[in-house]
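Please read the structure below before turning to the comments.
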Number of protein chains: 2
Amino acid sequence: MDVSEQSQALLEFFKALADANRLKIVGLLAREELAVEQIAAILDLRPSTVSNHLSYLTHVGLVSARPQSYYNVYRLELGALHEMARSLLSQETLQAAAEGVDVDAYDRKVLKNYLGPDGRFKQLPMQFKKMQAVLRYVVNVFEVGRQYTEKEVNELLGQYHEDTAQLRRELVEQGLMAREGGGGKYWRI
Amino acid sequence: MDVSEQSQALLEFFKALADANRLKIVGLLAREELAVEQIAAILDLRPSTVSNHLSYLTHVGLVSARPQSYYNVYRLELGALHEMARSLLSQETLQAAAEGVDVDAYDRKVLKNYLGPDGRFKQLPMQFKKMQAVLRYVVNVFEVGRQYTEKEVNELLGQYHEDTAQLRRELVEQGLMAREGGGGKYWRI
DNA sequence: AAACTAATTCGACGTTCATCGAAATAATTC
DNA sequence: GAATTATTTCGATGAACGTCGAATTAGTTT
């Protein structure tokens, strides 16, 4: 299944259970199979309303219908429910919900405010989260897998702001770059 | 927690995740902590909208806020999420959603149609599900833990309908009563 | 064949709710 | 202290959705 399809299925699953009466229907079907008419009587709803709810739940795959004589008997699909619950326990499922969104939108907004037309920062932001956006931007001047002397680092950072020392220090603090213990060698993570 | 409170909490949990943008927020927070402004930029929403969503998610216990400098950083409460997912795997949780509903409403509706003013059935229903309602009603003339001869069974069932043989046979078929292998002893389950 | 029962579909109504802008609150920076 | 930044609250608006009644379809009983 595609990632966008997966997040779409997750959303529709929650929407299917986000109504009081639909949730009651699922609870009733967890006890025994029931026909539309029976559910309507129990919940004091019109059959057409219950039919709509069951149609929704069927579309999501939570219930299924079995024709018996001239009416339909609905049953709960426990497998689909458990599979959904289990996928909620995995980290990737939730992150997939945020797939396709523009995660760099905030960084761009910050850079637009602080970056001058000459490509230099007028001043470095005070706020932690904004400074992070700046650092994620300037770290791109360094290639991965290559070592730099402190002098080289300062020269490259100098095109962005005069306070190269602060930039260098925070890059290391944020874990975007690393420094060899005693010597002056830097490299990008 | 009370049963009705539990089903209420379950419903609000689903409603909290039944919105596309709220689901995306949860997905984003599954990757890293974020402030309101950042989420608003990423999802292209106004900060007030995001604040409302986060207020909802906080109320349900899915996220929590940590004040930093003069803004709030929100983080996902993985524990609450996993606890909810795990409870979905248990049978009792869903049945609790249908607690407090009138499960006998359909049976009463059927009995009202078939039961005469003298307490006897004018005729026995053809439909399976309606016959079940009748059987669940007539089985109450028998005490649990006591044995009856076939003659006693027929006399007790006779007050409801003349066709005691059918009633007796279906009571056993539906598992509401049991019969000793060779002899003529019956008892209620 | 006619009457009956169950379920679904469709259109309409009313409520809920997501979204926004404006105002208010609070904390920080210059 | 004044201006800035981030967040929250509140009222309004528009869209989404649950509910119902009427009409339709399908299957059953007599």
Side-chain angles (χ1 to χ4, degrees), chain A residues 11-12 14-25 33-41 43-60 63-74 106 109-110 112-114 122-131 133, chain B residues 11-12 14-25 33-60 63-74 106 109-110 113-114 122-131 133:
Chain A
L11 176 60
E12 288 195 343
F14 286 127
K15 290 175 84 168
L17 295 175
D19 175 77
N21 284 324
R22 275 199 297 270
L23 195 55
K24 286 178 186 172
I25 289 176
E33 299 184 341
L34 289 171
V36 179
E37 194 192 11
Q38 296 178 295
I39 300 174
L43 298 182
D44 192 26
L45 292 174
R46 295 330 117 207
S48 60
T49 303
V50 176
S51 183
N52 282 331
H53 285 321
L54 287 170
S55 162
Y56 198 150
L57 292 172
T58 302
H59 169 252
V60 183
V63 308
S64 64
R66 171 172 50 87
Q68 173 156 324
S69 131
Y70 60 93
Y71 53 92
N72 283 340
V73 178
Y74 282 86
Y106 178 74
K109 186 180 172 187
V110 171
K112 186 180 172 189
N113 279 338
Y114 283 85
K122 293 169 281 189
Q123 66 173 25
L124 295 179
M126 294 296 303
Q127 285 195 15
F128 181 65
K129 59 181 179 179
K130 291 185 177 175
M131 190 60 184
Chain B
L11 176 60
E12 288 195 342
F14 286 127
K15 290 175 84 169
L17 295 175
D19 175 77
N21 284 324
R22 275 200 297 270
L23 195 55
K24 285 179 187 172
I25 290 176
E33 299 184 341
L34 290 171
V36 179
E37 194 192 12
Q38 296 178 295
I39 300 175
I42 293 174
L43 298 183
D44 192 27
L45 293 173
R46 294 329 118 209
S48 60
T49 303
V50 176
S51 183
N52 282 330
H53 285 321
L54 287 170
S55 163
Y56 198 149
L57 292 172
T58 302
H59 169 252
V60 183
V63 308
S64 65
R66 172 172 49 88
Q68 173 156 323
S69 137
Y70 61 94
Y71 53 92
N72 283 339
V73 177
Y74 283 87
Y106 178 74
K109 187 179 173 186
V110 171
N113 279 338
Y114 284 85
K122 292 168 283 189
Q123 66 173 26
L124 296 178
M126 294 295 303
Q127 284 195 18
F128 181 65
K129 60 181 179 180
K130 291 185 178 176
M131 190 60 183

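Lettering of chains follows the sequences in order, A, B, ..., and the numbering in each one begins at 1.
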On DNA chain C, nearest-nucleotide positions of B:Leu45 versus B:Lys130: which is more 5'?
B:Lys130
A:Asn113 CG - D:dA6 C1' separation (whole Å)
14 Å
Ranking B:Ala35 and A:Tyr56 by the position along DNA chain D of their nearest nucleotide, the one closer to 5' is B:Ala35
Any side-chain N or O of A:Asn21 under 4.0 Å from OP1/OP2 of D:dT19?
yes
Ranking B:Ser48 and A:Lys129 by the position along DNA chain D of their nearest nucleotide, the one closer to 5' is A:Lys129
How close or far is atom P of C:dT9 from atom NE2 of A:His53, stated in whole angstroms?
15 Å
base_contact_polar (D:dG18 base, A:Thr49 side chain, donor-acceptor, <3.5 Å):
no
Mind checking B:Tyr70 for me? I need base, sugar-phosphate or nothing, with any heavy atom below 4.0 Å counting as a touch.
base
Is the shortest heavy-atom distance from the side chain of B:Ser69 to the side chain of A:Phe128 under 4.5 Å?
no
Interatomic distance where CG belongs to B:Leu54 and C1' belongs to C:dT19 [whole Å]
15 Å
Between CG of A:Leu43 and P of D:dG18 the distance, given in whole Å, is 14 Å
Could you pull out the closest heavy-atom pair between B:Ile39 and B:Ile25, with the gap in Å?
CG2-CG1, 3.8 Å
Is there a side-chain contact between A:Arg46 and the phosphate of D:dA22, meaning an N or O under 4.0 Å from OP1 or OP2?
no
Under the 3.5 angstrom rule, does the side chain of B:Lys122 hit a backbone N or O of B:Asn113 as a donor-acceptor pair?
yes
Give a yes or no answer on whether the side chain of A:Arg66 reaches the backbone of A:Val73 with a donor-acceptor pair at less than 3.5 Å.
no
Between atom CZ in B:Arg22 and atom C1' in D:dA16, what is the gap in whole Å?
13 Å
Quick one: closest heavy-atom pair of A:Val63 and A:Leu54, and the distance?
CG2-O, 4.0 Å
Atom-to-atom span, CZ of B:Phe128 to P of C:dA6 - whole angstrom:
15 Å
Give the nucleotide from the list C:dA6, C:dT9, C:dG21 with an atom nearest to the side chain of A:Asn52.
C:dT9
Starting the side chain at C-beta, find the nucleotide from C:dT9, D:dT5, D:dT19 nearest to A:Ser51.
C:dT9
Nucleotide nearest A:Val36 when distance is taken to its side chain, options C:dA18, C:dA7, C:dC17
C:dA7
Does A:Ser69 reach a base, just sugar-phosphate, or nothing at all? Heavy atoms under 4.0 Å.
sugar-phosphate
What is the distance from CZ of B:Arg66 to C1' of C:dA27, rounded to the nearest Å?
16 Å
With the side chain of B:Asn72 defined as its heavy atoms from C-beta on, choose the nearest nucleotide among D:dT19, C:dA6, D:dT7.
D:dT7
State whether B:Gln127 places a side-chain N or O below 4.0 Å from either non-bridging phosphate oxygen (OP1 or OP2) of C:dT5.
no
Would you kindly compare A:Ala65 and A:Met126 by the position of their nearest DNA chain C nucleotide and give the one closer to the 5′ end?
A:Ala65
